[in-house]
Protein chains: 2
Amino acid sequence: MAEPSGTARDPEAVSRFVEHFAAQLVEAGLPRMPARVFGALLASDTGILTSAQLGEQLKISPAAVSGAVRYLAQQRMVSREREPGSRRERYRVHGDQWYEALTNREAVIRRWEDALREGVTSLGAESPAGRRLAETLAFFEFVEKEIETMMERWRAHREERFGRG
Amino acid sequence: MAEPSGTARDPEAVSRFVEHFAAQLVEAGLPRMPARVFGALLASDTGILTSAQLGEQLKISPAAVSGAVRYLAQQRMVSREREPGSRRERYRVHGDQWYEALTNREAVIRRWEDALREGVTSLGAESPAGRRLAETLAFFEFVEKEIETMMERWRAHREERFGRG
DNA sequence: CGCTTACTTCAGAAATTTGTGAAGTTAAGG
DNA sequence: CCTTAACTTCACAAATTTCTGAAGTAAGCG
């Protein structure tokens, strides 16, 4: 039962976690393959896997890995690194980075704000609808600022609890 | 150019806003019809529309309205009210309520946390992967608490800026 | 008590999204 | 250079999702 450090991990336990966690992400709106790839990275020992490892572990084609990784990189949830002197690429989930990404609904929020501002202008700031849109806009502006300070607090909290990553 | 209060609203301007805003919500993962219905409610003068009004304005079938509204109600983004003594139903976007809903990713976060806890256990809290999952879990627990206090701050901020609802 | 209006449910057509195999591209290694 | 390994892109098949018309249900009104 004990797990001496250095022991091979139980691939089945890993897979169970990956699939279960990915399912939750999918339900929250993430496409299936990116969710599974992300789960696999989270559950890996180093947080780094190659394309080949991902394909094998998840039983998906290189094309699927490529697509999933492109998606995740765009969302800033993983970074891609070239293994120097090789054309093998490594994908990594990097602590701080992906927390930021999660809150980097920021880009999304920014676009909502733009649409709302436009609405306020075109419907008239003094119309009832315009006022509602303006208040919604104010809410998002508020949230945007709050998230920033929240992340600062998290970093402090994290350091205290885990030491510097 | 001026918009004397009480003037009929420009349906085209409304539609432009609704479609543009809905498009942003769709990009963020909301299904199309719920997004459009929600936009229409936001852009209405009273924040209340009947099923018929929604269908006409968005050029969609009663079935589509029904489905969209069911979805939005489930997400707590709108409430449904029976117009007393009529079988007409009114759908409303109610300021506070839908801000809460937006942050009520809470249920979603809760499930992520469950999956992560399971992962920590089955991969071993002392394994490298287990530690990563534990830290991720800690992040979500932190965020969950923060959101609560954030909403309190918002209510204060809002009241100061807009007066009570 | 039955007619009519307002919504809901359901089955299926249409559109969209997903994942694959195959062909293409790039760069390391001989 | 030429070969080959490692990804990427593309076209298409398969699965899924979305929206509609039609039939169903419920409740006000005469």
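Quick note on labels: first sequence line is chain A, next is B, and so on, each numbered from 1.
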Please determine, for the side chain of [X], which listed nucleotide ([options]) has the closest atom?
| X | options | result |
| --- | --- | --- |
| S61(A) | dC7(C), dT18(D), dT20(C) | dT20(C) |
| R70(B) | dT8(C), dT9(C), dG19(C) | dT9(C) |
| A63(A) | dG19(C), dT8(C), dT20(C) | dT20(C) |
| S66(B) | dT8(C), dA6(C), dC10(D) | dT8(C) |

So what does [X] hit on the nucleic acid, given a heavy-atom distance under 4.0 Å: a base, only sugar-phosphate, or nothing?
| X | answer |
| --- | --- |
| R87(B) | base |
| R90(A) | nothing |
| S51(A) | sugar-phosphate |
| G85(B) | sugar-phosphate |
| R82(B) | nothing |

Euclidean distance, atom [atom1] of residue [X] to atom [atom2] of [N] [Å, nearest integer]:
| X | N | atom1 | atom2 | value |
| --- | --- | --- | --- | --- |
| R80(A) | dT8(D) | CZ | P | 5 Å |
| L58(A) | dT20(C) | CG | C1' | 15 Å |
| I60(B) | dA6(C) | CD1 | P | 17 Å |
| L49(B) | dC7(C) | CG | P | 12 Å |
| E27(A) | dT16(D) | CD | P | 15 Å |
| E56(A) | dA6(D) | CD | P | 13 Å |
| K59(A) | dG19(C) | NZ | P | 17 Å |
| E83(B) | dT5(C) | CD | C1' | 13 Å |

Task: Which residue lies more 5' along DNA chain C, comparing P62(A) with S86(A) via nearest heavy atoms - done: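 Upstream on the strand: P62(A).
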
- [ ] Please figure out whether E89(A) or P34(B) has its closest DNA chain D nucleotide nearer the 5' end.
- [x]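 Counting from the 5' end, the first nearest nucleotide belongs to E89(A).
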
Open item on the list: If I compare all heavy atoms of R153(B) with all of E146(A), which pair ends up nearest, and what's the gap?
Closed with: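 Residues R153(B) and E146(A), closest heavy atoms: NH2-OE1, 2.6 Å.
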
Open item on the list: What I'd like to find out is whether the side chain of T46(B) reaches to under 4.5 Å of the side chain of R92(B), using heavy atoms alone.
Closed with: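 Sidechains of R92(B) and T46(B): no contact.
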
Task: Donor-acceptor under 3.5 Å (R132(B) side chain, S44(A) main chain) - done: yes

Task: Backbone N/O of L58(B) and side chain of R36(B): donor-acceptor pair under 3.5 Å - done: yes

Open item on the list: With a sphere of 6.0 Å drawn around CD of E56(B), does it hold more than 12 non-hydrogen atoms of other residues, nucleotides or ligands?
Closed with: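 Open.
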
